[in-house]
Structure formats: structure tokens, C-alpha cells
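Notes follow once the structure below has been shown.
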Amino acid sequence: MTFAEMVYALCRTIPAGKVTTYKALARALGISSSQAVGQALKRNPYAPLVPCHRVIKSDGSIGGFKGKIVGTEIEEKVRLLEREGITISQGMVDLVKFGWFEI
DNA sequence: GTTGTGACGGGTC
DNA sequence: CGACCCGCCACAA
């Protein structure tokens, strides 16, 4: 069980209609660096299995999915999140309402 | 074993 | 509010 595996396992537990942050996941794994979580998600071999689109930055912004925010590429993911009931304004998610962690 | 870098966070300037 | 710098952990070269 590698660090990345634990990240994937944790992401799978994210309920639909909720989002979490890199920091929250990192903290749940016992570390302080959210970058490590990003590394794992970025290289996730479980693309559709792990809902990486539900993992966002702590400030509510989407962050990135395939590398960086590239124009309308994000729009597709935003639409998917909205389908789960998550409201997004200008690429920002309301963590107070949809944050899957103790706010 | 060392170095560099990244889907990041927080604090300062 | 935006730009900059430092810290942070894991992984690839």
C-alpha cells in the first residue's frame, strides 16, 4: 500500500455531491503537504474510479485536472459536478456548503 | 544518494 | 486584491 494508493482509497469515499480539498486529504493521511496528494491524483491510474474532479484547492478553485486550467476544458468537469448538485460560481466551489470535511 | 519539480498552502509584501 | 516567497511530501530522472 503506497501513499498514492491511500489517496485513491480516500477519494473513493467522497460521497456524490460533495467535494474535498488537497489539504483535507493530506491531513487525513497524516501529512501536511497537499502537493503529495496532488502528485498521487495527477498520476492516478484509476481515472474514472477515483473522482479526482471532486478534489479541489482549499480556496474553492478547481485547480487542475489534466495539468492546468485550459480554457473550456474545465467547463466539462464543472458540468459534471453540477450534475451532482454542486454549485460552482466562476470556477469556485462553495466549500462551506459542499466541503466534505469539518469546516 | 542527490536534485528538481509539482493537480498546493499559508504568510508577506 | 494580486504577486512573491517559503515550506511541504512524494516521486521520477
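Values reported hereafter were calculated over all heavy atoms of this structure, with side chains retained and with hydrogens, waters and symmetry mates removed. A note on names: the letters A, B, ... follow the listed sequences, proteins ahead of strands, and every chain is numbered from 1.
Between Y22(A) atom OH and dA10(C) atom C1' there is a gap of 15 Å when expressed in whole angstrom units. What separates CG of L29(A) from C1' of dC11(C) is a distance of 16 Å, to the nearest Å. Rounded to a whole Å, the CG atom of D59(A) is 15 Å from the P atom of dA7(B). Straight-line distance from the CZ atom of R43(A) to the P atom of dG6(B): 11 Å, rounded to whole Å. Taking atom CE on M6(A) and atom P on dC11(C), their separation rounds to 9 Å, with Å as the unit. The distance between atom CZ of F3(A) and atom P of dC8(C), rounded to the nearest whole Å, is 15 Å. For Q39(A) and dC8(B), the CD to C1' distance is 10 Å, given to the nearest whole Å. Regarding L25(A), its CG atom lies at a distance of 13 Å from the P atom of dC8(B), rounded to whole Å.
Electrostatic pairing of R54(A) and E84(A) counts as a salt bridge here, judged by a charged N lying under 4.0 Å from a carboxylate O.
Closest approach to the K42(A) side chain among dA7(B), dC8(B), dC11(C) is made by dA7(B) (side chain taken as heavy atoms from C-beta onward). Checking dA7(B), dG9(B), dC8(C) against the side-chain heavy atoms of S32(A) singles out dC8(C) as nearest. Ranking dC9(C), dA12(C), dA7(B) by closeness to the L41(A) side chain, first place goes to dA7(B). Proximity note for Q35(A) (side chain, C-beta onward) versus dG10(B), dC8(B), dA12(C): the nearest is dC8(B).
Residues Y8(A) and L49(A) have side chains not in contact (no heavy-atom distance under 4.5 Å, counting atoms from C-beta outward). The shortest distance between side-chain heavy atoms of V7(A) and V50(A) does not fall below 4.5 Å. In this structure the side chain of W100(A) never reaches within 4.5 angstrom of the side chain of V19(A), judged on heavy atoms.
Of the residues near DNA chain C, S34(A) and T2(A), the one whose nearest nucleotide (by heavy atom distance) lies more toward the 5' end is S34(A). Nearer to the 5' terminus of DNA chain B, by closest-nucleotide assignment, is the contact made by A36(A) (compared with the other of K23(A) and A36(A)).
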>> Between T87(A) and F98(A), does the side-chain contact (heavy atoms from CB on, under 4.5 Å) criterion hold? Intermediate values first, please.
In response: CA-CA 8 Å; T87(A) 307; F98(A) 307 109; 3.8 Å; yes
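Residue S58(A) places at least one side-chain N or O closer than 4.0 Å to OP1 or OP2 of dG10(B).
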